[in-house]
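Reviewing the structure listed below.
Protein chains get the first letters and strands the later ones, always in sequence-line order, with residue 1 at the start of each. Just so it is clear, the structure is predicted and the values come from calculations on it, not from any experiment.
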Protein chains: 2
Amino acid sequence: MRTTIREVAREAGVSPSTVSRALSMPGLVNSVTRERVLRAAQRLGYEPNRAARGLITGKTGNLGLIVPDLANPFFPSLVKGVQARAREADYAVFLADSDEDPAAESDLVRVLAKQVDGLILCSPRGREEDILTLAATTTLVMVNRRFGRVPSVVFDNSDGIGQAVAHLAALGHKRVGWVGGPRASWSDRDRIRALRAATAAAGMDLYVAGHFPPQFEGGVAAADLIVASGVTSVIAYNDVMALGLLGRLRDRGLRVPQDISVIGIDDIQMSSMSSPTLTTVSLAKEQAGRAAVDLLLSLLERPDGVRKPRRELPTQLLVRGSTGVAPTD
Amino acid sequence: MRTTIREVAREAGVSPSTVSRALSMPGLVNSVTRERVLRAAQRLGYEPNRAARGLITGKTGNLGLIVPDLANPFFPSLVKGVQARAREADYAVFLADSDEDPAAESDLVRVLAKQVDGLILCSPRGREEDILTLAATTTLVMVNRRFGRVPSVVFDNSDGIGQAVAHLAALGHKRVGWVGGPRASWSDRDRIRALRAATAAAGMDLYVAGHFPPQFEGGVAAADLIVASGVTSVIAYNDVMALGLLGRLRDRGLRVPQDISVIGIDDIQMSSMSSPTLTTVSLAKEQAGRAAVDLLLSLLERPDGVRKPRRELPTQLLVRGSTGVAPTD
DNA sequence: CCGAAGTTTGAAACCGATTGCAGAACCCTG
DNA sequence: CAGGGTTCTGCAATCGGTTTCAAACTTCGG
């Protein structure tokens, strides 16, 4: 059986109240008493019962994290960052995977919301009204999506895509293709907007292949459209899709990067292991996880005092083997 | 503010005790009263406060899951299985990633153990004594490791590796290489034992390349040893390493499977997307997660009544593009 | 029609912490 | 040295449920 505050109190010869104060509001108790209490607690290996504390303070010491699909390598990295930062702050993390299903997601949220102090939500395409009602009842940080006044952590897609387009332009490419992710995804909209602006500014032609599932198969499916369009370079919604592209292009007998250049977004592990290695817009995924926790914790501390409840993380183009000079035809 | 049991009691015109009973021990209350209580609860959207309940029952309704490295694609699948099954049983899951660090792991365990009813531990190389002390104080299920009387879920490595060896033998291979994972890993020991037995039985020569980190780079590092050894086929500790092998072999100008056949273990997503696609021993990872939760829950219900606190999951060789007939030289 | 047994319900104790309030001890000032 | 102000500590209430216990009410056999 675990030691309770009463036992520590007896051991130290004080009342439970004093023990509680010595531990959580040290300023309020005389230093010699405090010392005695701390030693007693140490001796007995005392650790306060979180449920009991939570009952009266209304805080659980837990955070919730909801991701759409843990099988997408983007998310494990994010989770790691959240984990690490939460642990430092002495919070534990509930993880839930919604399997890309917005309905399952709202269930998860409902269940989880009651057991946590705050929630980190990666919900690229949940309904806006759901998010609003949620934000009204829970402290919430969204990742990879910006919406109204809901606190969020996003990547600077504009900059990253700008770098990618500049890179392609420098290699002499005039026509670039875009392989889109889910239609409803905020990131997809943000990215294509950035791409439109960047290609226009660079005087390049843009061919949009459409929307595809954000998986390997999505990239495979898009490849033939890309080939038919006659572009010399292509940017994909994420790395997994870019790898799908690469695979299908190879099967079709095209050489990357001699015949066509390919760029992904995310910088997942596999992108440095494919052949050719994948040029990609690198996102600081773990850092995003940490930033989300930081933001969440500061919101918990002073609900309205956070000046700017938004973080935008930098992005960086990593040039690898899948991009080269435009073919001269 | 959330509705409490008292409000439901008032609404239904009964005492809080009756509400509690109506909800958790329905047999003890008169059916018309029960009905009235249930409707009142429904109307007010009542849900019992888990912290309060946990305080008196000693149960939290939470499970803990500790994995060594979420970046290894094996684990997200496992996590998904655990998640899904836990949700069905109305448990929430704390996830922690130990970053392959046994010391961090014991910390995590200590912190988590107090907030959960039971723990699922993937700790291929934690110290045996740590595991024993843990098992003594917590309800615990280990995954991918069998040790003493600690309840566990493992894969039938023998069978899977037997299938792989039989496949290679049928293709005419006489010499097979093994690219090992971490030295201290239980799975590694189990697999090489199985491999020794299978190759001996088939009259094949076995070359063991040694131990490598269970990552892409580990496979890369092993490749040259494998080439130098003159084997015509190789089995790797896991798919990620096998993909590393594939990459390095290609860089060295060897053709897979014409010059050398490669087999992985795990069946991660990427193994069907590489080129060539990877022949692999498929493990039912999600099923393992579900099985671990099932086992854990039955242990929680009747701590000593579980006949055989072990599950062994089947494995299945998937023949894909990376294996072919042995080269004739 | 009485007492025993069985059902159903509520009062109150309890889980393990935190915290408002009040009293005790001490310090300072005039 | 009285009186006001601090500082420190303990009592008791509280959070929101569960559970023990006993009372009240039924049912049933004899």
Side-chain angles (χ1 to χ4, degrees), chain A residues 1-42 44-62 90 92 111 113-117 300, chain B residues 1-42 44-62 90 92 111 113-117 300:
Chain A
M1 190 96 305
R2 296 192 30 201
T3 51
T4 77
I5 201 172
R6 260 166 269 274
E7 307 177 42
V8 178
R10 182 146 22 88
E11 175 86 5
V14 297
S15 79
S17 339
T18 303
V19 175
S20 173
R21 280 188 282 252
L23 263 41
S24 47
M25 342 175 68
L28 288 189
V29 5
N30 182 297
S31 60
V32 325
T33 332
R34 187 197 321 145
E35 198 51 40
R36 192 146 39 96
V37 169
L38 292 182
R39 267 207 307 279
Q42 175 79 42
L44 299 179
Y46 170 72
E47 290 228 21
N49 179 318
R50 287 204 176 210
R53 171 182 292 176
L55 192 50
I56 188 148
T57 61
K59 307 251 154 267
T60 62
N62 300 329
D90 204 26
V111 173
K114 279 172 306 223
Q115 309 189 54
V116 301
D117 297 337
L300 288 174
Chain B
M1 189 94 308
R2 296 190 33 200
T3 51
T4 75
I5 200 171
R6 262 165 266 274
E7 308 177 42
V8 179
R10 180 145 23 89
E11 175 87 5
V14 298
S15 78
S17 340
T18 303
V19 175
S20 174
R21 279 188 284 252
L23 263 42
S24 47
M25 343 175 66
L28 287 189
V29 5
N30 184 297
S31 59
V32 324
T33 333
R34 187 194 325 144
E35 199 50 41
R36 191 145 38 94
V37 170
L38 291 182
R39 268 207 306 278
Q42 175 79 42
L44 299 178
Y46 169 73
E47 290 229 23
N49 178 320
R50 286 206 176 209
R53 172 181 290 177
L55 193 50
I56 187 147
T57 61
K59 308 250 152 268
T60 61
N62 299 330
D90 203 26
V111 173
K114 279 171 306 223
Q115 310 189 53
V116 302
D117 297 338
L300 288 174

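- At least one side-chain heavy atom of Leu38(A) sits less than 4.5 Å from a side-chain heavy atom of Leu23(A).
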Under 3.5 Å, which N/O atoms of the protein pair with N/O atoms of nucleotides 4-6 of chain C?
none

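- The two residues Val37(B) and Ala22(B) come nearest to each other via the heavy atoms CG1-CB, 3.7 Å.
- To the nearest angstrom, C1' of dA17(C) lies 16 Å from NZ of Lys59(A).
- In this structure, Gln115(A) and Ala92(B) approach most closely via the heavy-atom pair NE2-CB, 4.0 Å.
- Straight-line distance from the CG atom of Leu55(B) to the C1' atom of dC15(C): 4 Å, rounded to whole Å.
- Within the structure, every pair that satisfies the salt bridge (charged side-chain N to carboxylate O under 4.0 Å, His left out) test and touches residues 10-27 of chain B, not counting sequence neighbours, is listed here: Glu11(B)-Arg43(B).
- Direction of the helix axis in the helix from dC1(C)-dG30(D) to dG30(C)-dC1(D) shifts by 50° between the two five-pair termini, rounded to 10°.
- Look at CZ on Arg6(A): it is 12 Å from C1' on dA12(D), rounded to the nearest Å.
- Within the structure, salt bridge (charged side-chain N to carboxylate O under 4.0 Å, His left out) pairs that include any residue of residues 45-59 of chain B comprise Lys114(A)-Glu47(B), Arg50(B)-Asp90(B) (at least two apart or interchain).
- With sequence neighbours left out, Ile5(A) forms a side chain to side chain contact (heavy atoms under 4.5 Å, CB included) with Pro16(A), Val19(A), Ser20(A), Tyr46(A).
- In this view, Ser15(A) and Ser17(A), Thr18(A) satisfy the side-chain hydrogen bond (donor to acceptor under 3.5 Å, both in side chains) rule, not counting sequence neighbours.
- For Thr3(B) against Glu7(B), the heavy-atom pair with the smallest separation is CA-OE2, 3.6 Å.
- To the nearest angstrom, P of dT19(D) lies 6 Å from CD1 of Ile56(B).
- Look at CZ on Arg50(B): it is 17 Å from P on dG16(D), rounded to the nearest Å.
- Nearest nucleotide to the side chain of Thr57(B), out of dG16(D), dG16(C), dT18(D): dT18(D).
- Residue Tyr46(B) places none of its side-chain N or O atoms closer than 4.0 Å to OP1 or OP2 of dG16(D).
- The nearest whole Å value for the distance from the NZ atom in Lys114(A) to the P atom in dG17(D) is 12 Å.
- Residues forming a side-chain hydrogen bond (donor to acceptor under 3.5 Å, both in side chains) with Asp117(A) (at least two apart in sequence, or on another chain): Thr60(A).
- Applying a 4.0 Å cut-off to non-hydrogen atoms, the residues of residues 8-36 of chain A that approach DNA chain D are Val14(A), Ser15(A), Ser17(A), Thr18(A), Arg21(A), Leu28(A), Val29(A), Asn30(A), Thr33(A), listed by residue number.
- Taking atom CD on Glu47(A) and atom P on dG16(C), their separation rounds to 15 Å, with Å as the unit.
- Atom-to-atom, CD1 of Ile5(B) to C1' of dT9(C) comes out at 14 Å; the value is rounded to the nearest Å.
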I would like to know whether Leu55(A) and Leu55(B) meet side-chain contact (heavy atoms from CB on, under 4.5 Å); could you show each step before the answer?
CA-CA 8 Å; Leu55(A) 192 50; Leu55(B) 193 50; 3.5 Å; yes
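- Here side-chain hydrogen bond (donor to acceptor under 3.5 Å, both in side chains) pairs that include residues 23-41 of chain A, with residues two or more places apart or in two chains, number zero.
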